[in-house]
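Here the structure is laid out as structure tokens; the discussion comes afterwards.
To find a chain, count down the sequence lines: A is the first, B the second, and so on, and within it residues start at 1. As the structure is a prediction and not an experimental result, all values here were calculated from the model.
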There are 2 protein chains.
Amino acid sequence: MPNPSLRDELQALPPTDPAVDRLVEQIIGRVADKWTMLLIEILTETEVCRFKELSRACPGISQKMLTQTLRAMERDGLVTRKVYPVVPPKVEYRLTELGLGLSKAFCGVWLWAEANFEAIESARAAYARDNPPKPG
Amino acid sequence: MPNPSLRDELQALPPTDPAVDRLVEQIIGRVADKWTMLLIEILTETEVCRFKELSRACPGISQKMLTQTLRAMERDGLVTRKVYPVVPPKVEYRLTELGLGLSKAFCGVWLWAEANFEAIESARAAYARDNPPKPG
DNA sequence: GCTCATGCTCTCTTTTAGGTAAGTATAAAT
DNA sequence: ATTTATACTTACCTAAAAGAGAGCATGAGC
């Protein structure tokens, strides 16, 4: 067993009751989504952003998805939304402490992905080799 | 600024080239999904699991989703799939080193969720209070 | 010879996600 | 008077995801 510490660590956690478990799973389901992750990364790097900046920094996202994701993040207390009553509109987004905490927690996943994308690519190649796409 | 270290840390990372960035984003998009996360957690705790056990441990997942998610994980090199040629069928799943690495990386997010679910709940309550559901 | 068990696969249907495009408000610039 | 800019909101539509349920293979047990 090459890495026993993690398993031990997880099993040493307080015996979470099922209700909390379900809630935590739900939160992870909510938060572990592509755009949320990207926005958190952008906001971590840039600290404060207007809507258009986020849209530019997040290539491929539609206005609708951006609004939607930001709203969900605001609802969950991950970002604050500051509206200036000017014309044209100006709105600033920034991470809350909670959001920054998630960012920090997620940092490990980014680092993992950066460190291991080659391994994943070669695993995919191997899988494709061993499992021919369309067996006659 | 209460937590400058993370921003500094991120900005100190090697200037990743855009192609790698896109790949990493894609991997995160692929891997940051509810069922994958759950299965990784279960497999981290149980080490080796049959299909039915996973299905039982993962309440709410349909057979189809389970198969599908496991296949994707296998393709990405996160789990191994060992088939015993017996009747009725027996298949064992376990995490690879790569999968265990992701598990470890994701552990931070689980801990964050467990530590902060109350904050999220109250943020939601506050949001609901300040933004009435259906204004006349 | 019937049933059960497991780990799928296939089909069908419903649900959801997400894209596009248009509309809104209004002050400042042309 | 018209255009521009920003940050949305709404309506509509399509494609993808996910759920339900049946089918399959086959040896063991009754």
Side-chain angles (χ1 to χ4, degrees), chain A residues 25-26 28-39 42-43 46 48-76 79-94 127 130-136, chain B residues 25-26 28-39 42-43 46 48-76 79-94 127 130-136:
Chain A
E25 279 168 22
Q26 188 241 311
I28 294 217
R30 163 67 262 290
V31 128
D33 122 276
K34 192 191 164 191
W35 296 129
T36 305
M37 294 296 97
L38 266 178
L39 290 176
I42 294 165
L43 284 168
T46 315
V48 56
C49 270
R50 298 183 58 176
F51 187 87
K52 246 312 171 37
E53 295 179 90
L54 288 173
S55 153
R56 252 179 267 114
C58 210
I61 198 171
S62 68
Q63 237 185 10
K64 182 182 159 187
M65 273 313 295
L66 183 52
T67 305
Q68 217 169 282
T69 308
L70 285 170
R71 279 296 190 293
M73 291 171 76
E74 190 197 356
R75 192 170 52 88
D76 290 344
V79 299
T80 55
R81 182 163 170 274
K82 183 165 186 186
V83 183
Y84 295 85
V86 296
V87 158
K90 177 176 176 183
V91 181
E92 281 179 356
Y93 294 91
R94 70 178 72 208
Y127 186 90
D130 299 345
N131 305 60
K134 287 274 173 187
Chain B
E25 279 169 21
Q26 187 241 313
I28 294 214
R30 164 64 261 294
V31 129
D33 121 274
K34 191 191 165 191
W35 296 128
T36 304
M37 295 297 97
L38 265 179
L39 290 176
I42 294 165
L43 284 168
T46 314
V48 56
C49 270
R50 298 183 59 175
F51 186 87
K52 247 314 168 40
E53 294 179 271
L54 289 173
S55 153
R56 252 179 267 114
C58 210
I61 198 169
S62 67
Q63 240 185 9
K64 183 182 158 187
M65 274 314 294
L66 182 53
T67 305
Q68 218 169 282
T69 308
L70 285 169
R71 279 296 191 293
M73 292 172 76
E74 191 196 356
R75 192 170 55 86
D76 289 346
V79 298
T80 56
R81 181 163 169 275
K82 182 165 185 184
V83 182
Y84 295 84
V86 296
V87 157
K90 178 177 177 182
V91 182
E92 281 179 358
Y93 294 90
R94 71 178 70 207
Y127 186 90
D130 299 347
N131 305 62
K134 287 274 174 186

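Rounded to whole Å, atom C1' of C/dG19 lies 12 Å from atom CD of A/Q63.
The environment of NZ in B/K34 is sparse: at most 12 heavy-atom neighbours from other residues, nucleotides or ligands sit within 6.0 Å.
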Listing, residues 51-62 of chain B side-chain donor-acceptor contacts under 3.5 Å, not counting sequence neighbours, or none:
unit_1, atom_1, unit_2, atom_2, d
B/E53, OE1, B/R50, N, 2.8
B/S62, OG, B/M65, N, 3.2

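Contact annotation: the side chain of A/C49 approaches that of A/L43 to within less than 4.5 Å [non-hydrogen atoms, C-beta and beyond]. Between B/M37 and B/V31 the shortest side-chain heavy-atom distance falls below 4.5 Å.
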Please list each protein N or O that sits under 3.5 Å from an N or O in nucleotides 3-6 of chain C, with the distance.
unit_1, atom_1, unit_2, atom_2, d
C/dT6, OP2, B/K52, NZ, 3.4
C/dT6, O3', B/R50, NH2, 3.1
C/dT6, O3', B/P89, O, 2.9

Produce the list of close N/O pairs, under 3.5 Å, pairing protein atoms with atoms of nucleotides 13-16 of chain C; give distances to one decimal.
none

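For A/I61 and B/Y93, each mapped to the nucleotide of DNA chain C holding its nearest heavy atom, the one lying further toward the 5' end belongs to B/Y93.
Note that CD1 of A/I28 is 12.0 Å distant from OG1 of B/T36, once rounded to the nearest 0.5 Å. The line from CD1 of A/I42 to CH2 of A/W35 is 9.0 Å long, rounded to the nearest 0.5 Å.
In this structure A/E92 satisfies the side-chain hydrogen bond (donor to acceptor under 3.5 Å, both in side chains) test together with A/Y84, sequence neighbours excluded.
Listed by first and then second residue, the salt bridge (Lys or Arg N to Asp or Glu O under 4.0 Å) pairs involving residues 59-76 of chain B are A/R124-B/D76, B/R30-B/D76 (not counting sequence neighbours).
Reading DNA chain D from its 5' end, the first and the last nucleotide to sit under 4.0 Å from a heavy atom of chain B are D/dA18 to D/dG27.
Sorted by residue number, the members of residues 65-72 of chain A with any non-hydrogen atom under 4.0 Å from DNA chain C read A/M65.
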